[in-house]
Amino acid sequence: MRDEHMKMITLEKVSFLFKNSNLEIIDSISFQANKGEFISIVGPSGCGKSTLLRIIAGLITPTSGRVFFGNKEITEPNRKIAFVFQDFALLPWLTNQDNVKIGLSRSEMSDEAKDKKASELLDRFGLSGFEGYYPNALSGGMKQRVGIARSIASDPQVLLMDEPFSSLDELTANSLRSDIIYMLENKNISVNAVIMVTHNVEEAVELSDKIVVLSDKPSRVKEIIKVSGARPRDKRSKQFADYVDRIYSVLAQD
Amino acid sequence: MDFIALVLQLVLDTSASWVRMFIALGISVLISIVVGIYAAVSPKAEKIILPVVDILQTIPILAFFPFALFVFVVILPGYIGINAAVIFLIITSMVWNIIFGVYESIKTIPREFLEVSDLYDFDRFERLKKIYIPAAMPRIVEQSILSWSIGLFYLVTSEIFSVGASNEQVKYGIGVAFASLAYQGAIPYLIGIAVFVVFVIATRFLFFRPLEEYSTRHIRSQQKVQQGNAPRYERALLGWVSRRISSAPMIIKSNRIVKGRKHISRVPVVEERRDLKILGYAVVVLLVAGALYTFASNPVLLGYESQVLPALAASFARVWLAFAIMLAISVPLCVYLIFMSKYGRKYMLLFQIAASIPATILLPAIAVTIKQGELVALVVFILSGIWYLIFSIMASVRTMPQNVFEVSRIFGVKGTNAWKNIYLKAILPGLVTGALTGIAAEWNASIVAEYFTTSGVTGTTNVVSSVGVGIGKLLDLSLAPGGQGIGLMMVALLNLVVMILLVNTFVWKKLYNKVTKVYAG
Ligand SMILES: Nc1ncnc2c1ncn2[C@@H]1O[C@H](COP(=O)(O)OP(=O)(O)OP(=O)(O)O)[C@@H](O)[C@H]1O
Ligand SMILES: [Mg+2]
């Protein structure tokens, strides 16, 4: 019963098919993300993970089923739910500072206050000095930091991430992973649930409280695996390897 | 004539022409932004705008110039009217590729950017300001550069035309100047060309270069390495030519599917094709039926038609003869440049400079030296159209996988075998595109090249150069003093447009589809 009060995002039998091709992509997916939880979604390539995440973000309307944020149904994008894109989606013609300011579009702040907040955020992600640069001048890791800064600018409670680290080198990805976990676990930062789509099973085991394993088209929930143990997790432990093996074997089953 | 005075006069003339050009470009860009964005965001508008723009860019707009002249001069007082007509004509030459440039930039905006604007709840104005316009800016500038070259052709031509075919004339303008320079000997004429080229180059570097740098400031840091050595003009031109073919509405493929509340997904390509085809045929059938009926029941129109058809046939023969010569020159030339020469790129630069001088600027000189009407027309046709062929062939080969070139080396393919199986096949797609646009350019040129007089220069009408019969000549004469007037002109235009649409549908589109089918698979 306590969980009921803590639920952040709830999916109820969400299905989706593309109208023009009549192709069913997602078939009745349900799961729940509670306060403080890190959820990963893994599944075969092209199974509909990104589509699912976009539905949660309110960018796409499901064909049937419902998605809730707390007790409120999600029907359109909400400033308390932020999205981090795989390819960053920074607007190349805006400076990094202006890109972060985009994240404050819905806020009532004055322009100066937005500027101030944007530079603070960039500073927090180690990007002070780059405010006036255009995104193309930055490395991939730096771009994704700008992307994350933009997404948390509006103090969201839920962070949705679509393969956020897959185009980064391993070292950069690692440091960004710990940034995200820090934000999730730190009570002073608004983020208190993360849902991440990933191809990387190790990454999922390393970060998640729950891993939602999806099947191929149409995508259904094969199994939801709970991962226990405090983070950071020892990737060389037997337990870690067992989790990884288990997820691979679920993925491989028909 | 005093050298200084001549140069000053030429600078004044060219400046007057340039003012017309800048006004036309400004208006074209505004129109393009509105129309291009509208077509890209509204699937309904897209269905109408794309085919219409596609048709408008292949019919010889110049043919409408006498008509536009007529209308504008009737509506507006003399000098303003004629300038409005010239500017209007330049716009009709400049605007299409910029519209497609805007349209394509908007269509290729990554889906994520639109999602960002959804996530952060941009209103219409913010979308325009933060997403659409910045996204389209680099292409707008790139296409404007190209439009400028195309516009120069129309500028000079319409100015010359305003001198030659009507009582109205533009007072100051480089085209006007050239019409009279041709009678003052080689030196003044060459000085005129020099002034013109200086203006072209100055505009390129003082106006377009800074604009280009500004519009791509955010891209440059990244792309410097890959593109540094390809001159932008060349890329713009090549891009334009390849775009011109891919812009045909039936060929546009958009893999990007925008879903969500505010974006409606694309209709699959195949359906669009069939719709358009049926629509196209229906329009043609209706037009033909309507025209036949009207003509059969009206002896005056029938009389016009009996003048128009032979003229059209004569011009048709001329255009295709010129085209055959263009092919005979450009195919071996391009094959040489692509497959055999190490200095292909250097020649391209030379071609670009040559291509920036409108063929019509040379027309008075050609007319005065050759003196043989048919030959004059043929030479001007070739000069107007051949660049399209050359640039288009070179552009399409660029996108060809490197291994095509390597195959001929590795297997030592030589002689007729190489020509048949490699060279010609490789350049075919570009050739089809170039032919389509090159022939459109020829038809445009026919308006000035078939009949050229001095009425505006000397006050009396001296025919400098004239073909026997031709649609261009007929159009020119219909509105000249003592001509048969607007009725004949309308009939001639109708015939011309129908003929071009028929050739487009039954020759070029068919050929193009065939070629792309093979090359895509
Ligand atoms: N508009 C559309 N119409 C039809 N099918 C589509 C459309 N958009 C995407 N698809 C298909 O839907 C499926 C799911 O796409 P989605 O991007 O959600 O998958 P994904 O699991 O995120 O893939 P990846 O692992 O490559 O990121 C894919 O097979 C894709 O081809
Ligand atoms: Mg995906």
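Quick note on labels: first sequence line is chain A, next is B, and so on, each numbered from 1. Predicted model, so just to flag it, every value in this text is computed and none were measured.
- Without hydrogens or angle criteria, A:W93 side chain to B:I133 main chain gives no donor-acceptor distance under 3.5 Å.
- Looking at A:L90, only its backbone comes within 4.5 Å of chain B, counting heavy atoms on both sides.
- Residues satisfying the ring-ring contact (aromatic ring centres under 6.0 Å, His included) test with A:F68, not counting sequence neighbours, are none.
- You'll find the side chain of B:F113 reaches within 4.5 Å of the side chain of A:P92, heavy atoms only.
- Of the possible polar contacts, none joining the B:D118 side chain to the A:L59 backbone as a donor-acceptor pair under 3.5 Å is found.
- Sequence neighbours left out, the pairs with a member in residues 102-132 of chain A that pass ring-ring contact (aromatic ring centres under 6.0 Å, His included) are A:F130-A:Y133.
- Nearest approach of A:I102 to B:K130, heavy atoms of both residues: CD1-CD, 3.8 Å.
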Side chain to side chain contact (heavy atoms under 4.5 Å, CB included) for B:R217 and A:Y134? Distances and angles first, verdict last. CA-CA 9 Å; B:R217 66 200 182 286; A:Y134 291 101; 2.7 Å; yes
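- Atoms CD and CG, from A:E76 and B:L119 in turn, are 11.0 Å apart once rounded to the nearest 0.5 Å.
- Residues B:R111 and A:I60 approach most closely at NH2-CD1, 3.7 Å, considering heavy atoms.
- Residues that satisfy the ring-ring contact (aromatic ring centres under 6.0 Å, His included) test with A:F85, not counting sequence neighbours, are A:F83.
- Taking each heavy atom of B:H218 and A:N136 in turn, the nearest pair found is O-ND2, 3.1 Å.
- More than 12 heavy atoms of other residues, nucleotides or ligands lie within 6.0 Å of CZ in A:F31, so this atom counts as buried by the packing criterion.
- Across all their heavy atoms, B:E112 and A:A89 have their closest contact at CB-CB, 3.4 Å.
- The interface of residues 146-171 of chain A with chain B, defined by heavy-atom distances below 4.5 Å, comprises A:R150, A:S151.
- Within 6.0 Å of the CZ atom in B:F22, the count of heavy atoms belonging to other residues, nucleotides or ligands exceeds 12.
- In plain terms, the two heavy atoms of A:G103 and B:Y120 that are nearest each other are CA-CE2, 3.5 Å.
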